[in-house]
2 protein chains.
Amino acid sequence: MAQPRRLSADARPVPEQPDLSPLDDKLGFWLRLAQQASFDALHRGLGPLGLTPGRLGVLLMLEANPDIRQALLAEALHIKPSNLTVLLAALEQDGLIRRTEEEGNRRANCLRLTAAGRALLRQGEAAEAEAERQLAQGLSPAERAALLAALRRIAEA
Amino acid sequence: MAQPRRLSADARPVPEQPDLSPLDDKLGFWLRLAQQASFDALHRGLGPLGLTPGRLGVLLMLEANPDIRQALLAEALHIKPSNLTVLLAALEQDGLIRRTEEEGNRRANCLRLTAAGRALLRQGEAAEAEAERQLAQGLSPAERAALLAALRRIAEA
DNA sequence: ACTTATCGTTATGCCCCATAACAAACGGGA
DNA sequence: TCCCGTTTGTTATGGGGCATAACGATAAGT
C-alpha cells in the first residue's frame with residue numbers, strides 16, 4: 001500500500017488534532033479502554049467499601065461455592081493460585097473469610113465467608129450492579145448480549 | 001468444644017465443578033478475560049521483538065504524527081504524561097525514537113521515529129495484525145464491527 | 001519406604017494505571 | 001524589568017493484575 005510520505009509538508013508547526021487512525025480500528029486498543037472504564041466504574045463503587053474487583057470476585061464465588069478449595073477457586077476466577085493466596089490472606093486479615101483445613105486432607109484449605117464477609121458482599125453486589133448498569137447504559141439488551149457473547153468467544157479462543 | 005461440625009447440609013465432600021454463575025453474566029469479568037486474551041496474543045508476537053502493546057502504540061502514533069508533543073501523544077494513547085515519559089525514555093534508550101526540543105519552545109519535545117524504530121514498527125505491525133486476526137477469528141466481520149462499536153461506547157461513557 | 005504428585009506459600013518481576021511534587025521554560029501584566 | 005501563573009515534562013511512589021520459579025508440607029502410588 002502506497003504510504004503518503006510527508007517529505008517536507010510540515011507547514012503546520014504542531015498538529016493540534018492528532019491522527020488517531022492507527023489505533024482506531026484495533027480490537028486490542030478498545031478492549032483496553034473498555035476494560036479500563038469497567039475497572040474505573042467498579043473502583044468508584046467498591047473502593048469506599050475496601051474492595052477491589054478481584055476481592056469482590058472471591059467473595060461472590062465463595063458464597064456460591066462454600067468450602068471450595070483454593071486451586072479450584074483460582075481456576076474459576078482465572079487467576080493464579082499464587083496470587084489467590086495473597087488475596088485470601090488479606091481477606092482473612094480483614095475478617096471477611098475463614099480458612100480451615102479440609103477434613104481428611106490437611107494440605108487443602110476450606111474457604112468460607114464470615115458473617116462480616118457476607119454483609120460486605122451484599123454492599124459490594126449493589127455497587128457492582130450499579131457499575132454494570134453504567135457500563136451498559138448505552139447498549140440495548142440485545143447489544144449487551146451480543147457483546148457478552150463476543151467477549152466470551154475472544155476469551156475462550 | 002469438641003467438634004466444629006459442619007452444620008449445614010454438606011452432603012457432597014468438595015464440589016469438583018464449581019458454580020460459575022456469579023461471574024458468568026458480568027460485563028466486567030468478561031472484559032477482563034477478553035482484554036487478557038488480547039494482551040497475551042499481542043505479547044506472544046511482540047515479546048520477541050522487545051515490544052509491548054504500550055510501546056507499539058507509541059511507535060504507531062509517532063509514524064502517523066511526526067513531531068507530535070508528548071502531552072498530545074499521551075492524550076491520544078489515553079495514558080498519563082508521567083507514564084509516557086518513562087515509556088519514551090526506554091524507547092529512546094533503545095534507539096527507536098528521537099527527542100529534540102521544539103523550535104521556539106525549548107520546554108516542549110519533538111518526537112520522531114528513527115530508522116530503526118520505523119523498521120521495528122513494521123515487524124510490530126505484522127505481529128499485531130496476526131494477533132488481531134487470532135482474536136477475531138471466531139467473529140464474523142459484522143460481529144467484529146458490532147463488538148468494536150460496543151467497546152467504543154463503553155470506553156467513551 | 002521411596003518416589004511422585006498435589007496443595008499452598010513466598011518471593012520476585014513485568015505491564016499498566018494514578019497521584020503528588022518538582023524544575024524548567026514561556027507569557028502576560030504591573 | 002520583575003513577578004507570577006501556566007504549560008511542559010520529569011521523578012518518585014503506590015496499587016492492581018498477571019506470571020514464573022522455588023520451596024515446604026501433605027498425600028498417594030509403587
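Just so we're on the same page: letters track the sequence lines, and every chain starts at 1. Everything numeric here is computed off the predicted structure, so don't read it as measured data.
Interface remark: the B:Arg107 side chain does not form any donor-acceptor pair with the D:dT8 base, using a distance-only criterion of under 3.5 Å.
At the heavy-atom level, B:Arg55 lies nowhere under 4.0 Å from the strands shown.
Each of C:dT10, D:dT10, D:dA19 was ranked by its minimum atom distance to the side chain of B:Thr85; first place goes to D:dT10. Nearest nucleotide to the A:Arg69 side chain, out of D:dT10, C:dC7, C:dT9: C:dC7. The side chain of A:Asn109 sits closest to C:dG8 out of D:dG9, C:dC16, C:dG8. Nearest to the side-chain atoms of B:Gln36 among the listed nucleotides D:dA19, D:dG9, C:dC16 stands D:dA19. Of the candidate nucleotides C:dC17, D:dT11, C:dG8, C:dG8 has the atom nearest to the side chain of A:Ala108. Nearest nucleotide to the A:Asp40 side chain, out of D:dG17, C:dC16, C:dA18: C:dA18.
The distance from atom CG of B:Leu88 to atom P of C:dC16 is 13 Å, rounded to the nearest whole Å. Per the geometry, CG belonging to A:Leu111 stands 11 Å off C1' belonging to C:dG8, to the nearest Å. One interatomic measurement links the two molecules: CD of B:Glu75 to C1' of D:dT7, which rounds to 14 Å at whole-angstrom precision. In this structure, CG of A:Leu51 is placed 16 Å from P of D:dG15, rounded to the nearest angstrom. Atom-to-atom, CG of B:Leu72 to C1' of D:dT7 comes out at 13 Å; the value is rounded to the nearest Å. To the nearest angstrom, P of D:dG9 lies 8 Å from CG of B:Asn105. Rounding to whole angstrom units, CD1 of residue A:Ile97 and P of C:dG8 are separated by 12 Å. Distance, A:Gln70 CD to C:dT10 P: 11 Å, rounded to whole Å.
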Between side-chain atoms of residues 38-53 of chain A and protein atoms elsewhere (two or more places apart, or another chain), which donor-acceptor pairs fall under 3.5 Å?
{"from": "A:Arg44", "atom 1": "NH2", "to": "A:Gln134", "atom 2": "OE1", "distance (Å)": "3.4"}
{"from": "A:Thr52", "atom 1": "OG1", "to": "A:Arg55", "atom 2": "N", "distance (Å)": "3.2"}

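The side chain of A:Arg99 places an N or O atom within less than 4.0 Å of a non-bridging phosphate oxygen (OP1 or OP2) of C:dT9.
Inter-residue side-chain proximity for A:Leu77 and A:Leu87 is flagged as unmet; no heavy-atom pair is nearer than 4.5 Å.
In terms of heavy atoms, B:Pro22 sits closest to A:Leu60 at CG-O, 3.9 Å. Across every non-hydrogen atom of A:Leu84 and A:Gln70, the tightest pair is CD2-O, 3.3 Å.
Salt bridge B:Glu132/B:Arg144: present, at least one basic N to carboxylate O contact under 4.0 Å. Between B:Arg152 and A:Asp25, none of the side-chain N atoms (NZ, or NE/NH1/NH2) sits under 4.0 Å from a carboxylate O, so this pair counts as no salt bridge.
Less than 4.0 Å separates DNA chain C from at least one heavy atom of each of the following residues of residues 76-84 of chain B: B:Ile79, B:Lys80, B:Ser82, B:Asn83.
Surrounding CD of A:Glu130 are more than 12 heavy atoms belonging to other residues, nucleotides or ligands, all under 6.0 Å away.
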